[in-house]
Number of protein chains: 2
Amino acid sequence: MAKKRKVGNLLGLAVLSYLTQGPTHPYDLGRTLRAHGDDRSLKFTHGSLYMVFQQLEKAGFVAPVETGRAGLRPERTVYAMTDAGLRELRDWLRELVAEPEHEYPRFVTALSLIGALPPDEVVELLTTRLSRLTEVRASTRQEIDAALARDVHPLFLVEEEYRLALLDTEAGFVENLLGRIAGWRSAWSAAVSGGKS
Amino acid sequence: MAKKRKVGNLLGLAVLSYLTQGPTHPYDLGRTLRAHGDDRSLKFTHGSLYMVFQQLEKAGFVAPVETGRAGLRPERTVYAMTDAGLRELRDWLRELVAEPEHEYPRFVTALSLIGALPPDEVVELLTTRLSRLTEVRASTRQEIDAALARDVHPLFLVEEEYRLALLDTEAGFVENLLGRIAGWRSAWSAAVSGGKS
DNA sequence: TCTATCATGTAACCAGTTACATGATTTT
DNA sequence: AAAATCATGTAACTGGTTACATGATAGA
């Protein structure tokens, strides 16, 4: 069902999650997120963080505490999580884990329009993709292993393992597709419209 | 590398793709897209279509032709693809097919924050997810079969087959995860912060 | 004929990104 | 001591979504 949340951006969820460890200000949270490598599963920038804090505040999930207190650095506002915030965090996470949502990965879209390219070219492009996929797979694998070597608990690596699984599936699918395209040449040309380049 | 496109929204790509069949106006294209079930691989609404046409026009990829011509229905503007538009379509598609991009599926994010929920609850939630996944899988399968029965060429179903593969992988991963969680109870509690609810 | 739904579009709003601003450290 | 970079924030812009407007058929 995916109810309409007051704050929809998943970055907001991460913020709430980190605020359970105590109050902070947006800039600092940014550093923390990057330090923890959360930027691999979350898209955000400097600016978007201030944005989300603002939204969370309007929604009543966080509230400013120590505002104004400046070491000798620029002014800054420190926020803490509210009770409503904690509830939202839990509820939201529950939903995300329990209910798969319909998503729109770019490759899916590309596939749905692929008929607009001539088959020979598609074969070539897919081959390129395959090798890129192999590279990404390797580097992800490496990062996981490195983390494990540093004694990071696997609990904190599940998302990367999941990515790995997805990469393998994609590679398999692409290979399989490559195999089938040859047989489709005739139906394909019926779909393509323009000429070269 | 993913160069910065003048129009970034994939809906724009779909528009260009359909415009190879001849000029139309936004509203009509909307109907067509839904009729073709493209709304399964593309997220759009009435409003966003007008948006994208506007952007495409500013970028020089489409140009108005028959503007003003009203049957007796409201005013409407018919657009046709330009040469630049055709080039963009091809180039963009090539990139999408050849180069995998780093994406942020919601489940990945959820996994990365899952430590904020107690393990027993996570087990329960994942079990729920598993059954939802089975449902989705079944209905996707069904849609594919129905289409095949209607003699739709498999070329136009690749994206759904790909989804199927992803669903299977996800289900497998979740099952596997369920198995491993039991052993993690101790490390897990160290990560959880708050109390109940 | 009244009401619903279709057909078409614009305007107002909200979220996210990029660019700008400014004092404090660190590096060269 | 000049240049670079860090720390912190605001403002301006751009893209996308939602809500509104209005005439035209079609169904009750």
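Chain identifiers are assigned alphabetically (A, B, ...) following the order of the sequence lines, protein sequences preceding nucleic acid strands; residue numbering begins at 1 within each chain. The figures that follow rest on heavy atoms only: side chains count, while hydrogens, waters and symmetry mates do not.
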Notebook entry, point to check: Which residue lies toward the 5' end of DNA chain D, B:T45 or B:K58, if each is placed at its nearest nucleotide?
Noted result: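 Taking each residue's closest nucleotide, the earlier one in sequence belongs to B:K58.
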Next item on the list: Would you mind telling me which residue lines up with the more 5' stretch of DNA chain D, B:V52 or A:M51, judged by nearest nucleotide?
Entry: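 It is A:M51, whose closest nucleotide lies nearer the 5' terminus.
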Whether [X] contacts [N] is assessed here as follows: a side-chain N or O lying under 4.0 Å from the phosphate OP1 or OP2. Is that the case?
X	N	answer
B:Q54	D:dG16	no
A:K4	C:dC14	no
B:R31	C:dT8	yes
A:R76	D:dG9	no
B:Q55	D:dT14	no
B:S48	D:dG16	no
B:N9	D:dG15	no

Margin query: Checking side chain to side chain contact (heavy atoms under 4.5 Å, CB included) between B:Y162 and each of B:V158, B:L164, B:L166, which is the one that passes?
Written below: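 Only one of B:V158, B:L164, B:L166 forms a side chain to side chain contact (heavy atoms under 4.5 Å, CB included) with B:Y162, namely B:L166.
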Item checked: Charged tip of A:R129 within 45° of A:F107 ring normal and under 6.0 Å ->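 Yes, a cation-pi geometry holds between A:R129 and A:F107.
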Notebook entry, point to check: What nucleic acid atoms does B:H25 come within less than 4.0 Å of, heavy atoms only: base, sugar-phosphate, or nothing?
Noted result: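 Contact class for B:H25: sugar-phosphate only.
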Next item on the list: Round to a whole Å and report the spacing from NE2 of B:H46 to C1' of C:dA11.
Entry: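 These atoms are roughly 12 Å apart.
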Notebook entry, point to check: To the nearest 0.5 Å, how far apart are CZ in B:R94 and CG in B:L89?
Noted result: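 If I round to the nearest 0.5 Å, the distance is 9.0 Å.
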Next item on the list: Would you kindly confirm whether A:Y104 and A:V108 end up in one hydrophobic cluster when ILVMFWY residues are joined by side chain heavy atoms under 4.5 Å apart?
Entry: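 Different clusters.
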